[in-house]
Amino acid sequence: MALAAAGRVLLQAGSRLGRREVVDGARRFANKRVEVEADEAAGIAVMKLKNPPVNSLSLEFLTEFLISLEKLENNKNFRGVILTSERPGVFSAGLDLMEMYGRNPAHYAEYWRAVQELWLRLYLSNMILVCAINGTSPAGGCLMALTCDHRIMADNPKYTIGLNESQLGIVAPFWFKDNFVNTVGYRTAEHALQLGLLFPPAEALKLGIVDEVVPEDQVHSKAQSVMAQWMAIPDHSRQLTKNMMRKAMADNLIKQREADIQNFVSFISRDSIQKSLHTYLEKLKQKKG
Ligand SMILES: CCCCC/C=C\C/C=C\CCC/C=C/C(=O)SCCNC(=O)CCNC(=O)[C@H](O)C(C)(C)COP(=O)(O)OP(=O)(O)OC[C@H]1O[C@@H](n2cnc3c(N)ncnc32)[C@H](O)[C@@H]1OP(=O)(O)O
């Protein structure tokens with residue numbers, strides 16, 4: 001119920017943004033920041049993140065992504081989604097730092113609700129989600145991948161993945177942490193979260209952050225073959241199993257959603273946290289020049 005209500009708000013937000021969908025032979029639809037190649041006969045869609053330069057999860061991106069995902073969820077012909085980046089090299093730079101820096105509390109609250117919504121929708125999706133990680137994927141980018149049922153990463157040592165929040169002077173919220181712990185185990189998560197570690201593909205595979213590492217040019221074909229394997233399982237048994245494994249963790253956020261928003265707003269509004277974000281943003285700029 002809560003999810004449906006939040007979804008309606010997002011749909012309204014989408015129409016406020018005035019996005020028009022481009023429908024191409026009913027097989028491809030796109031808004032500005034998400035491209036969907038939808039093969040209805042096969043029941044599979046490829047969702048490509050395209051929010052240049054680094055696929056940061058801005059409020060506009062989140063809104064467009066959730067609308068596209070909902071379209072697929074509402075069409076019972078779609079059973080599986082492959083999530084990937086339209087720009088190889090960066091899967092997603094995570095949450096958009098500019099949504100969390102120098103804004104007002106109402107904006108922080110709106111943003112955080114959308115971040116929660118993204119996680120809940122992906123984590124509880126009835127569809128099979130396969131993540132084709134074709135680039136670097138820190139923090140919120142890693143979280144997106146963690147919601148998927150299977151993760152395949154490109155074998156490029158330049159790419160890293162992990163929850164690096166503590167390096168920014170911020171904290172991964174409890175549901176990021178829970179999702180990570182459930183994926184890699186408590187000790188690995190405790191160590192990696194405190195240090196804000198980002199791992200190259202081989203290490204990520206060893207720790208279980210990703211399920212497979214394949215040559216870069218095979219990420220998409222591998223994602224298709226993994227999807228075929230998952231699609232061979234009857235939906236009802238797979239979905240009931242997924243729900244059994246995930247419901248408790250999602251419910252834990254759903255029941256304290258408002259409190260989590262308030263926590264985020266008061267945390268991110270602190271002068272000390274804003275200073276940390278400022279320093280980090282400056283570091284990103286200096287890296288360039
Ligand atoms: C007990 C109390 C607990 C309370 C807890 C309560 C709440 C919790 C509070 C907060 C939780 C927040 C959780 C946050 C999650 C996140 O996801 S934070 C984001 C983390 N992301 C990163 O650290 C990645 C930073 N970016 C990079 O490392 C690199 O950009 C790259 C992704 C490796 C790509 O490198 P490259 O291709 O070289 O591109 P550039 O670095 O040159 O970047 C291009 C431009 O993009 C801007 N940018 C990069 N990342 C972001 C981002 N995440 N958001 C916004 N903008 C970003 C970068 O500044 C460049 O901009 P300009 O061209 O200079 O304008």
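As the structure lists them, so they are numbered: ligands from 1, and atoms in each ligand from 1. Note that the numbering runs from 1 along the sequence shown for the chain.
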Checklist entry - So does Glu190 pair up with Lys177, basic N to acidic O under 4.0 Å? => result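 Result for this pair is no, no salt bridge flagged.
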Checklist entry - Should the pair Arg238-Asp235 be classified as a salt bridge under the 4.0 Å nitrogen-to-oxygen rule? => result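 Asp235 and Arg238: salt-bridged.
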Item to check | Tyr108 and Phe264 aromatic ring geometry - parallel, tilted or perpendicular at 30°/60° bounds | outcome: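 If you compare the ring of Phe264 with that of Tyr108, the planes turn out perpendicular.
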Item to check | Under 3.5 Å side-chain donor-acceptor pair for Glu73 and Ser125 | outcome: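 Ser125 and Glu73 do have a side-chain donor-acceptor pair below 3.5 Å.
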Checklist entry - Are side-chain N/O atoms of Asn252 and Lys255 paired as donor and acceptor at under 3.5 Å? => result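 A donor-acceptor contact under 3.5 Å links the two side chains.
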Checklist entry - Yes or no on side-chain contact (heavy atoms from CB on, under 4.5 Å) for Phe180 and Ile209, after CA distance, side-chain angles and deciding distance? => result CA-CA 8 Å; Phe180 195 51; Ile209 298 173; 4.0 Å; yes
Which pairs of nitrogen or oxygen atoms, taken one from ligand 1 and one from the protein, are under 3.5 angstrom apart?
| residue | atom | partner | partner atom | Å |
| --- | --- | --- | --- | --- |
| ligand 1 | 17 (O) | Leu95 | N | 2.8 |
| ligand 1 | 17 (O) | Gly140 | N | 2.9 |
| ligand 1 | 21 (N) | Ala93 | O | 2.8 |
| ligand 1 | 23 (O) | Asn164 | ND2 | 3.1 |
| ligand 1 | 23 (O) | Tyr280 | OH | 2.6 |
| ligand 1 | 35 (O) | Lys287 | NZ | 3.4 |
| ligand 1 | 38 (O) | Lys287 | NZ | 3.2 |
| ligand 1 | 41 (O) | Lys287 | NZ | 2.7 |
| ligand 1 | 53 (N) | Ala93 | O | 3.2 |
| ligand 1 | 53 (N) | Leu95 | O | 3.0 |
| ligand 1 | 54 (N) | Leu97 | N | 2.9 |
| ligand 1 | 63 (O) | Lys288 | NZ | 2.5 |
| ligand 1 | 64 (O) | Lys288 | NZ | 3.3 |

